[in-house]
2 protein chains.
Amino acid sequence: MAEREVDRSVSQTVKAQLALRDQILSGSLRPGERISELQAVETTGASRTPVRMALVRLEEEGLLEAIPSGGFMVKAFSERDISDSIELRGTLEGLAARFAAERGVSARELEPLKECLAAIDELLRQVPISVDAFSSYVTLNARFHALLTELSRSPPLIRQIDRASALPFASPSAFVMAQSALAEAQQILIIAQEHHRVVIDAIENREGARAEAVMREHARLAVRNLRLALRNRTHLDLLPALALINAATD
Amino acid sequence: MAEREVDRSVSQTVKAQLALRDQILSGSLRPGERISELQAVETTGASRTPVRMALVRLEEEGLLEAIPSGGFMVKAFSERDISDSIELRGTLEGLAARFAAERGVSARELEPLKECLAAIDELLRQVPISVDAFSSYVTLNARFHALLTELSRSPPLIRQIDRASALPFASPSAFVMAQSALAEAQQILIIAQEHHRVVIDAIENREGARAEAVMREHARLAVRNLRLALRNRTHLDLLPALALINAATD
DNA sequence: TGAATACGTTATGTATACAATAGCAGGGGA
DNA sequence: TCCCCTGCTATTGTATACATAACGTATTCA
């Protein structure tokens, strides 16, 4: 295939990884479905070697599962897997918050976090919140969590949290909020924002235990609301990633 | 290279991964050192494709680090990275213990754990503990922790703990104990064994918070002793993995 | 008619060839 | 003498060819 157009600005491996992840998360590839290398080669435009590297990375990321007889399939997740992932992430973020509090952070380091907070406050003034504003919220929330994680100054912990966040639905707020009706989401967002505020306060005052506790509560709120949201699945299509859940095996 | 002898019983990728991990952990490859693919091909006996897959896996595992200009280098760890990893693992195992306690486990499921405990008790009767017995202890301790993790019945959590345990020095007891003089280790092992006993008791009685707390304390004991052990580095060569630490960059 | 076996097809695992880039060394100019 | 530019070399990134194993299908025998 000589006429294949190659984008040299980004490695074929990364390109393939992004494309495949996109296909999985968008639901083009269903959970349990075997991923054909040849098919992936065609859809991604990369050749087999980078595609295989991408598949290995996605397996390590937790999105794929190796088939004993060879090849990979899209991993299927149960409702409990998802709530466990949320709680897991909350636990790790709790540790990060505690590290930040105990190790101390300067006012300058907290500045970006507070800007995030203020921006979210601004969004939450809308009642009810618009779809656009909600989308902005999801971005800002992710940013807040990433910044908080960084504050721990612990590379191993940051790495682990990144891994735990690889599964998009493990991101508590973004996931759960997307599922609730936007009107209901408003209340949840307000509580979540309060959690954000408290964790900053705790870190500022070097209250490690409090910082940790509030992040764990943050996750438990998400789990609780996940259960509610799953009870009436009206908003299950708000996040493409949810296609994963629909076909979950158990 | 036609005369290369190929072992078909295990995949070349796995073979290469094991061989490379061994080289890293044994210290043949020093932290910060670039891993040459060609060299890896020669030492592992696999060709470049499986070697590359193994390198990607080891990177995801946290043993290697990608070099921006291409290729991989052995990751270097600071003392804080190591103590953070221990605390991280303790936190995750604490969550696992809590899950086990809250979700309930049958007496039959606790049986293997108790057998482990009894076997360790047997070893600890020796005063001072012999090198052989200590080696058995390390194995039994790893088994105990693995079984405990399983009790959580949470695939995402088990997966994450496995990842966190990939770094061998993140295994609290095995690592810290190896560094302390064996005579000192005896006391530490006895306390660790008490932790083990308490976590089982807590799980049996469905005391989630207590189960979690004791596992975290277990890790903190390890961190504390790590600091002590690093102060007088007499036993740094007991575990080959420690070669990593010697050349840690910061 | 059903089950088992054999054969063919297809997909993955592996090896290697080719291409491109980064790093280094040597030489020339300022 | 020092710096920069150019060319070479070595190593990685990518593509593809080949081998092998698994799965499906068809045919035959009981």
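Naming: A, B, ... by sequence-line order, numbering from 1 per chain.
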>> Measure CE/B:Met53 against P/C:dT12 and give the value in whole Å, please.
In response: 12 Å
> Taking CZ from A:Phe72 and P from C:dT12, how many angstroms apart are they, rounded to a whole number?
Replying inline: 10 Å
> Side chains of A:Met53 and A:Ser11: does their closest heavy-atom pair fall under 4.5 Å?
Replying inline: no
>> Among D:dT12, D:dT16, C:dT14, which nucleotide has an atom closest to any side-chain atom of B:Arg52?
In response: D:dT12
> Of all residues at least two apart in sequence or in a different chain, which pass the side chain to side chain donor-acceptor pair (under 3.5 Å) check with A:Ser154?
Replying inline: B:Asp84
> What does nucleotides 4-11 of chain C look like as a protein-contact string, B for base, S for sugar-phosphate only, - for none, at under 4.0 angstrom between heavy atoms?
Replying inline: -------S
> Quick one: B:Leu64 CG to D:dT12 P, roughly how many Å, whole number?
Replying inline: 12 Å
>> Give me each pair satisfying salt bridge (charged side-chain N to carboxylate O under 4.0 Å, His left out) with a member in residues 44-55 of chain A, each pair once, sequence neighbours excluded.
In response: A:Glu37-A:Arg48, A:Glu37-A:Arg52
> For B:Arg21, what residues pass the side chain to side chain donor-acceptor pair (under 3.5 Å) criterion, not counting sequence neighbours?
Replying inline: B:Glu61
> Counting only side-chain N and O atoms of B:Ser47, is one of them less than 4.0 Å from OP1 or OP2 of C:dA15?
Replying inline: yes
> Are B:Thr13 and C:dT14 close enough that a side-chain N or O sits under 4.0 Å from OP1 or OP2?
Replying inline: yes
>> Please confirm whether the shortest side-chain N or O distance from B:Thr49 to OP1 or OP2 of C:dG13 is below 4.0 Å.
In response: no
> Which sits closer to the 5' end of DNA chain D, B:Ser69 or A:Arg48, going by the nucleotide each is nearest to?
Replying inline: B:Ser69
> Starting at CD of B:Gln12 and ending at P of C:dT16, how long is that distance when rounded to a whole Å?
Replying inline: 11 Å
> Who are the side chain to side chain donor-acceptor pair (under 3.5 Å) partners of B:Glu59, not counting sequence neighbours?
Replying inline: A:Arg57
> Expressed in angstrom and rounded to an integer, what is the separation of B:Glu42 atom CD from D:dT11 atom C1'?
Replying inline: 13 Å
>> Run the side chain to side chain donor-acceptor pair (under 3.5 Å) test against A:Thr43 and tell me which residues pass, sequence neighbours left out.
In response: A:Gln23
